[in-house]
Every structure is written in structure tokens, then in C-alpha cells.
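Contents: one structure, followed by commentary.
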Amino acid sequence: MKQLISDYGWQFIASYGVSLRISCIAFVLGLLLGTVLTVGRISPIPPLREAINIYVETFRNIPVLALLVFIVYALPDLGLVIDYEPCVIISLILVSSAFTCDNLRTGINTIDAQQIQAARALGLNFSTIVTSIILPQALSSVIQPMVTLFISVVISSSTGSLVPLAHEELTGLVTEINNKEAMGVVTFFLASILYVLTGLIIAFVGRRLEKRYALWR
Amino acid sequence: MAMSRTEAALFEATGPKARRRIMCGTIISIVALIALGVWIVYRFYTKGQLEPQYWYFFSQLNVWEFIGAGLVGTIRAAIGSGIISLIMGLVLMFGRISKIAPVRWLATTIIEFLRGTPTLLFIYFMFLVPAQLGLHISTYWMVVIPTSAYASAVLAEVYRSGVAAVPFGQKEAGLSLGFTRAQNFRYIILPQTMRIVTPALVAQLVVVVKDTTFGYVVTYPELMVNAKVIIANFDSLVPVYLVVSIIYVLVNYAISKCANWLSHRQNVKFGV
């Protein structure tokens, strides 16, 4: 244990930082992309709606590992060479944006149809209805599922261990340590505690946010 | 997909100006989508990915048999983890709602621990640690144990929400009829819980199927691993990974649709 901390302590912290970096970037960009796609999904333009539906169903149902392997190994054959870490982030963005879309759709459906009818009766156009009536309510009603999504993005960032990242993330570091020397249970336990604590902290912050911003109808 | 009332309200008849704008938007988005499609095909074409050498082997029966064998491996792992987690989830849930405090604490800790740990980390653990201790575990269990551990923890919470959703009067009625707490659970609460949670259980199967792809790490012969073998044999990366990804999407899409259908049917039945 002592030897583990003195030999690998800093690496553990650095790798944990990489995990957090990957997950935060992926989650935030996924949230933004998902919001934009949601607007397209409820727009009055049928082909756009259909295309986004297909996007959501595809990336909601594809395993992250299959997507990552495709991006890392198949895209270069199509002339798109991307560095490893952006590959991991892109695959997580694609998946998390699809889930964001799905959550927001549920959030939108909790808004009373009469609100939109009233807005239209007042002569508001689509973009005003979306930005000042639909999105604020939809976003504040999906805090709970979005927190769950953030936690699963953190967990899924472990797929970064499948590709040789320049700076290894947590799961990758643990497997590397175990390939070099038999530290076994302790390393895995430490890493897993870090993941669990991160999840609990995110859940805690999420509950605070929800208390503050959730709409009670 | 059927529109909800809120969405339907958004699409009510519009005036002439808005209609013109919608028309414009429709045309622009159709053109953009076609352009995207053309760009992708062109990309495939210029990089030589449309050459028959990359695709011809899909006409061979044994290639499909091998892909099928991979799919069977995936399904075998998914069913194994499914069954284990259905039972273990129930056990953990009983621990979580136990009247005995230490049991409750233990179950809560286990649930939080399993739920918060990446399945992949657990799979690496199964892959590396037992070997260090001189134990031999088959690749099937290297995949199934971690996958079902995560699913059990999630299902424990699903069951718990199902128990909480059974109206309180049902429990009171059972107790007032002289049922013991155990009988009450067995005959009154659990049957209703099961009916409530069925759609969520089916939906969780999607996650299990996704997790079986980690068999790639331990070379358990499932779809991803067999895809790798086909790629090695025919030197055709893009088409094989494309086909395999589509298979995953279709399988999971079918499972999600099934879950939706179950939950819709339930809502109709209960008049929600």
C-alpha cells in the first residue's frame, strides 16, 4: 500500500484528472449538442425531424465500445485520422447527446400543451416559443436524468483504456500497473472507490441543483 | 414515433409567412441531408472502400455463420447476466429495505459500490487478478460476472422503486388480514411490483447487451471479437465494423421498442 502510493500516487491523481477531463468535456458538449438537436427534433421541418430521430435511435443503442472502435480503427481508412483522446471524447459526445435528446423530449412532454397554444395565440414564433417557454422548463425538469447521464459518462470514460491514450485515464492506469507488477486487489479497489465517490458527489450536487431549480407542478 | 399533445400543439396549422419559411427550411434540410449522404459515399469511393474486395465476402455463407456465432455468444452472455441480475437484484433489494439496520447498510454499500464502478474496470479485474492468484476463470464468466454485478445493483434500485409504487393501502390491507410481513411480500406486494417493473427490466437488457461488448477485452467470442477475426481474415475494416455496429443498433432498438410497448400496454391497462 505504502509502496503503491509512493510509486504511483501522482500518476493515480493525474489519471483521475484525465478521466474527469474527458467526462466533463464530453458531457458539456453532449448537453449542448443534444439541446440543439432537440430543437431540430421539435421543429416544423419533417425531414430534419426524421434525420434527428434516426441519429438519436442510432447513438442511444450503439455500445460505446463498438462506436469507439469504429472511430479509432475504421475512420482512418476513410481518411479521417483523429488523435486518441478526441476519439474517446467524440464517441462519448455522440452517445450522451442522443441520451440528452431523449431526456429533453420527456421533459418537453411534461409541459402543458395549452402553454404552447397560448403562446401561439399571442403570436409568438417558433424560436421564441422554444427559447423562452419550452427549453427553460424542459431543462429544469430533466436535472435528475441528466445527473444520472453525467455519472454514466464518467463511468463510460473508462473505455479510454481500450486505446493508447497519451495520458492514461484511471482504468487504463490500473491495468497498466497490474500488467507490470501484481498489485492486484488494492489498485482496483482504489480506482473503484474514486469512481464511486465521484458518482456520489455528482449525485449530491445534482440533488442540490434540483432543489433549487426544479419546477413543482 | 407518435407525437405527444405538447408536440402536436407545436405543429398546428400556420399562417402563410410561417408556411413559406417552413417550406424553405424543408428544402434546405433535404439538400443538406442529401449532400451529407453524397459526401459520405464519395468519401468511401475516393478511399477505395467501395471496391468489391472489401465487400464480396459478405456473400459467403460461412462469414454470416461466423457473425451469427458471435451474435449467439453475445446473447448467451446477455441471458446469463440477465438471469443472475434478476435474482441478485431482488436479493440486494430485500437487503436494502431490510428492517435490520446493519443488513440495510451493507446492502446499500454494495449497491452504491457496484453501481458506481465501471463494468470495464471490473472486467479487467476479473481478467488480471484471479490469474495473479493462480485461479482460472473462463472468459464467459469474466464477462458475465462484472456485467451482472452492475445490472444487479441497478435492478435492485428498479425493484425498490417498484415496491414503493405499490399503493400503501395494499400493504395495510394485507397486514390487517393477518398476513405476516413475509406473506404480505410474497402474495401482495411482489406480484404487483413485478408487473410495474417489467418494462424497466426489459429496458435494462439494452445496457447488458452493450456491456457484453467488453468481451472484446478478454476475447470472449462475441460479436465484436468475431468481427475482429473476420477483419483479420479478409483485411476489410470499415465494412465489417459498419455491419456489426448496425447489428448492435438493430438488436438494441428491438429491445427498447419491446420495453416501450410493454410500458404503453401497461398504461392502457391501468388507465394512466
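The chains referred to below are lettered A, B, ... by the order of the sequence lines, with proteins before strands, and numbering in each begins at 1.
Distance CG/B/L237 to CG/A/L78: 9.0 Å, rounded to 0.5 Å. Considering CG of A/L162 and CZ of B/F214, their distance stands at 7.0 Å, rounded to 0.5 Å. Distance check: B/I246 CD1 to A/I62 CD1 gives 9.0 Å after rounding to the nearest 0.5 Å. Here B/R43 contributes atom CZ and A/L80 contributes atom CG; the two are 4.5 Å apart, rounded to the nearest 0.5 Å. With rounding to the nearest 0.5 angstrom, the CG atom of B/L33 is 9.0 Å from the CD1 atom of A/I54. In this structure, OG1 on B/T117 lies 7.5 Å from CD1 on A/I155, to the nearest 0.5 angstrom.
Contacts between B/L36 and chain A at a heavy-atom distance below 4.5 Å are absent for every atom of the residue. The contact between B/Y216 and chain A is made entirely by side chain atoms (from C-beta outward), counting heavy-atom distances below 4.5 Å. Both the backbone and the side chain of B/T213 come within contact range of chain A, with heavy atoms under 4.5 Å apart. There is no contact between B/V207 and chain A, counting heavy-atom distances below 4.5 Å. The contact between B/V249 and chain A is made by backbone and side chain atoms together, counting heavy-atom distances below 4.5 Å. With a threshold of 4.5 angstrom between heavy atoms, B/L128 approaches chain A through side-chain atoms but not through N, CA, C or O. The contact between A/I134 and chain B is made entirely by side chain atoms (from C-beta outward), counting heavy-atom distances below 4.5 Å. If you measure heavy-atom distances from A/T159 to chain B, the contacts under 4.5 Å come from both the backbone and the side chain. Interface remark: A/S161 contributes backbone and side-chain atoms alike to the contact with chain B (heavy atom separation under 4.5 Å). Heavy atoms closer than 4.5 Å to chain B are found nowhere in A/I151, neither backbone nor side chain. Residue contact with chain A, scored on non-hydrogen atoms closer than 4.5 Å, involves the side chain of B/Q49 exclusively. Contact of A/L200 with chain B is made through the side chain alone, with heavy-atom distances under 4.5 Å. No part of A/L197 comes within reach of chain B, as not one of its non-hydrogen atoms sits under 4.5 angstrom from that chain. Contacts between B/V238 and chain A at a heavy-atom distance below 4.5 Å involve backbone atoms as well as side-chain atoms. Of the two parts of A/F59, neither the backbone nor the side chain holds a non-hydrogen atom closer than 4.5 Å to a non-hydrogen atom of chain B.
Among B/L242, B/T212, B/L133, the residue making the largest number of heavy-atom pairs under 4.5 Å with chain A is B/L242. With respect to chain B, the highest number of heavy-atom pairs below 4.5 Å among A/G199, A/A66, A/P46 belongs to A/A66. Highest contact tally toward chain A, considering only B/L223, B/V251, B/T26, B/V244, is held by B/T26 [criterion: heavy-atom pairs under 4.5 Å]. Highest contact tally toward chain A, considering only B/P130, B/P118, B/G48, B/S245, is held by B/P118 [criterion: heavy-atom pairs under 4.5 Å].
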Apply side chain to side chain contact (heavy atoms under 4.5 Å, CB included) to residues B/Y124 and A/V174 and explain how you reach the verdict.
CA-CA 9 Å; B/Y124 277 121; A/V174 172; over 6 Å; no
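Taking a 6.0 Å sphere around CZ of B/F66, one finds it holds more than 12 heavy atoms contributed by other residues, nucleotides or ligands.
Considering every non-hydrogen atom in both A/Y195 and B/G116, the closest pair reads CB-O, 3.4 Å. Looking at every heavy atom in both residues, A/A191 comes nearest to B/L121 through CB-CD2, 4.1 Å. What you find for B/F125 and A/V185 is that their closest heavy atoms are CE1-CA, 4.1 Å.
Proximity of A/R60 to B/S256: side-chain heavy atoms (C-beta onward) are separated by under 4.5 Å at one or more points. Between B/Y253 and A/T58 there is no side-chain heavy-atom pair separated by less than 4.5 Å.
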